[in-house]
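Structure, as structure tokens:
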Amino acid sequence: MIVITGATGALNGATVEHLLQHVPAARVAVVVRDVSRAGRFAERGVQVRHGDYADPASLPAAFADAEQLLLVSADAPAEEAVALHRTAVEAAVAAGVGRVLYTSHQGAAPGNPFAPGRTHAATERLLADSGTPWTALRNGFYAHALPWFTGPWRETGVVAVPADGPVSWTAREDAAEAAAAVLASGGAHDGPITLTAGAAPTFEEVARTASELTGRHVERVLVDPEGWVAAQVAAGQEESRARFALGVFQGAEQGFFAGTDPLLATLLGRAPRTVREVLAAPAPAPVAG
């Protein structure tokens, strides 16, 4: 049995969809906090199980009979997330799971200014110490976030950033498809594996690509980090969120998102989506209210 947590979310939901192209639905189970939201999987013969990292008592039944278990990373502050991951890993070990897979990040490292990078590094240490076979899917930075980080360049002609460095912007859809391929391989990948697009452009290079696509000059401008945070707060962003985002730019500047790996293309059987494709897509609609 292949068991996948977080299947009502965008990443692992798409992973399940792709996995069902490889294996029969009877071999797949999804673990969700709210089983009423997983009807589309139940209708296709996938087992739907209740499970919540914050409710340890729910996990033995959720993880039962798992030859492979894909754990989605918790959406929580760093220390809380690591504690939740510890609970999930310990439950997986107790349930006798054959292999634990985890949605990690390319920037998984203790010294990363991007806070989730430190969380992922701590979780990978938990997996390494668990004694259970494990795989960390170190996904590149999700490309759907790029429009937010580049700002309203279509209107202003400016990409204003507090620091610059290479980022291997990777389509979340490609990461999900690759995760399904890894699961379908039945343990062919061990330890941390890196799943990134084929290039890691700097924000200056992103601006250059935007210029080529639009036929107008788009300039990358470096701004003072504290001034950038203040501008985000003035625009209505909570300071904590602005400083969280600042960590992304600082992590890029320090090279935490610079590496690329051909494995994603190999798993997909095609080239991953590119930054040029992301920029060429219509601008995302503004969020209401």
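The structure presented is a predicted model; accordingly, all values stated were derived computationally and were not measured.
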Nearest-0.5 Å distance, CG of residue Asp55 to CG of residue Leu84: 11.0 Å
Short side-chain donor-acceptor distance under 3.5 Å, Glu212 and Thr209: no
Leu71 reachable from Val82 in the ILVMFWY side-chain graph, under 4.5 Å edges: no
Flag, side chain of Thr170 to backbone of Ala197, donor-acceptor distance under 3.5 Å: yes
Side-chain heavy-atom pair Pro201, Arg276 within 4.5 angstrom cut-off: no
Spatial distance of atom CG (Asn112) from atom CD (Gln250) [nearest 0.5 Å]: 10.0 Å
Arg273 side-chain N/O to Glu173 backbone N/O, donor-acceptor pair under 3.5 Å: no
Side chain to side chain, Asp65 and Gln47, heavy atoms closer than 4.5 Å: no
Flag, side chain of Asn12 to backbone of Thr5, donor-acceptor distance under 3.5 Å: yes
Least distance between heavy atoms, Ala252 atom then Pro166 atom: O-CD, 3.7 Å
Flag, side chain of Thr103 to backbone of Ser73, donor-acceptor distance under 3.5 Å: yes
Check: Thr196 and Leu264 side chains under 4.5 Å, non-hydrogen atoms: no
Student check: side-chain heavy atoms of Tyr102 and His120 closer than 4.5 Å: yes
Single-linkage hydrophobic cluster Val206~Tyr142, side-chain heavy atoms < 4.5 angstrom: no
Lys NZ or Arg CZ of Arg44 over Phe41 ring: under 6.0 Å, within 45°: no
His105 (side chain) donor-acceptor with Arg138 (main chain) under 3.5 angstrom: no
In one Ile/Leu/Val/Met/Phe/Trp/Tyr side-chain cluster, 4.5 Å: Val161, Leu246: yes
From Leu183 atom CG to Leu137 atom CG, the distance as rounded to the nearest 0.5 Å: 7.5 Å
Distance-only side-chain donor-acceptor flag, Thr214 / Arg154, under 3.5 Å: no
Note: Asp129-Arg86 ion pair, threshold 4.0 Å (strictly below): no
Leu19 with Val3, same ILVMFWY side-chain cluster at under 4.5 Å: no
Check: Gln106 side chain, Gly259 main-chain N or O, donor-acceptor pair, under 3.5 Å: yes
Nearest-0.5 Å distance, CZ of residue Phe256 to OG of residue Ser168: 13.5 Å
Chi angles and distances behind the salt bridge (Lys or Arg N to Asp or Glu O under 4.0 Å) call for Glu79, Arg118: CA-CA 10 Å; Glu79 290 185 8; Arg118 302 192 296 272; over 6 Å; no
Main-chain N/O of His189 paired with Thr135 side-chain donor or acceptor, under 3.5 Å: yes
Expected output: side-chain Glu277 to main-chain Thr274 donor-acceptor under 3.5 Å: yes
Same apolar cluster (I L V M F W Y, side chains within < 4.5 Å links), Leu127/Val31: yes
Under 3.5 Å: donor-acceptor pair, side chain of Thr202, backbone of Asp164: no
Nearest-0.5 Å distance, CG of residue Leu59 to OH of residue Tyr53: 8.5 Å
Whether Arg99 side chain and Trp134 backbone form a donor-acceptor pair below 3.5 Å: yes
Worked check of ring-ring contact (aromatic ring centres under 6.0 Å, His included) between Phe114 and Phe249: CA-CA 8 Å; Phe114 177 53; Phe249 294 104; over 10 Å; no
Distance, nearest 0.5 Å, that separates CZ of Arg220 from CD of Glu204: 4.5 Å
